[in-house]
Amino acid sequence: MDTKEAVATPSEPQSAVVANALSDAQRTECVIHLRFFPDGTVAEIGERPSGVEPHDWYKYLCNNTQNSYQALSGGRGLFRLLRTEVDALKASCAAGMTS
């Protein structure tokens, strides 16, 4: 019986692991939930900039994102976006509505 056990060596240096953790924090996914009225207009939507109507924010997200919307049952849906994208979209939408 061999008593010498193989010692696992890390595949990445410690600094690379820390860098990956930081980049993962920057890639945090944000989920924007929304509910529709029976006529198809938006009743509620998350992350909406102040001064922007719910349906206008929904249309803006639809026009400025690709493959991020998921339809749910019961007149609901959601957008899955990165936090940095949401912040940028909110800023550009708010700037576009004021001008």
Side-chain angles (χ1 to χ4, degrees):
M1 183 167 165
D2 189 8
T3 59
K4 293 183 181 178
E5 296 178 7
V7 177
T9 58
S11 60
E12 297 181 90
Q14 183 65 22
S15 61
V17 172
V18 172
N20 285 341
L22 291 175
S23 65
D24 287 343
Q26 293 171 344
R27 290 183 289 189
T28 303
E29 185 175 64
C30 181
V31 178
I32 301 174
H33 294 267
L34 59 129
R35 288 186 358 186
F36 293 96
F37 285 120
D39 68 356
T41 58
V42 177
E44 297 177 16
I45 186 167
E47 296 289 331
R48 182 168 46 106
S50 61
V52 178
E53 293 297 318
H55 198 74
D56 292 336
W57 177 231
Y58 167 71
K59 289 191 305 186
Y60 189 84
L61 289 174
C62 287
N63 291 331
N64 293 289
T65 61
Q66 295 180 355
N67 300 325
S68 61
Y69 181 74
Q70 179 181 354
L72 301 174
S73 64
R76 299 172 301 125
L78 56 89
F79 286 91
R80 291 182 189 273
L81 300 164
L82 298 178
R83 169 49 64 188
T84 54
E85 289 177 300
V86 172
D87 294 339
L89 288 165
K90 285 171 65 172
S92 63
C93 181
M97 293 295 174
T98 58
S99 58

Taking a hydrophobic cluster as the set of Ile, Leu, Val, Met, Phe, Trp and Tyr residues connected by side-chain heavy atoms closer than 4.5 Å, whether directly or through intermediates, do [X] and [Y] fall within one such cluster?
{"X": "Val86", "Y": "Val52", "result": "yes"}
{"X": "Leu78", "Y": "Tyr58", "result": "no"}
{"X": "Leu72", "Y": "Val31", "result": "yes"}

Point to revise | Exercise: identify the closest heavy-atom pair between Cys62 and Phe79 | key: SG-CZ, 3.9 Å
Check your understanding: Looking only at heavy atoms, what is the nearest atom pair of Ile32 and Gly46, with distance?
Key -> CG2-O, 3.1 Å
Check your understanding: Are there more than 12 heavy atoms of other residues, nucleotides or ligands under 6.0 Å from atom CZ of Arg35?
Key -> no
**Study point:** Heavy-atom neighbours of Asn67 CG exceed 12 at 6.0 Å
**Key:**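 It does not: Asn67 CG has 12 such atoms or fewer within range.
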Practice item. State the CG-CD distance between Leu82 and Glu29, to the nearest 0.5 angstrom. Key: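 Taking CG in Leu82 and CD in Glu29, the distance rounds to 7.0 Å.
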Check your understanding: Can you tell me how far NE2 of His55 sits from CZ of Arg48, rounded to the nearest 0.5 angstrom?
Key ->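 If I round to the nearest 0.5 Å, the distance is 13.0 Å.
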Residues two or more places apart in sequence or in another chain: which of them pass side chain to side chain donor-acceptor pair (under 3.5 Å) with [X]?
{"X": "Asp87", "value": "Arg83"}
{"X": "Asn63", "value": "none"}
{"X": "Tyr60", "value": "Ser92"}

Practice item. Check whether any side-chain N or O of Thr41 sits under 3.5 Å from a backbone N or O of Phe37 as a donor-acceptor pair, and report yes or no. Key: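 Side chain of Thr41 to backbone of Phe37, a donor-acceptor pair under 3.5 Å: no, none is there.
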**Study point:** Short side-chain to backbone donor-acceptor contact, Trp57 and Lys90, under 3.5 Å
**Key:**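 Looks like no, no N/O pair under 3.5 Å.
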Exercise for review: Would you mind reporting whether Leu34 and Leu61 have side-chain heavy atoms less than 4.5 Å apart?
Suggested key: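 Not in contact.
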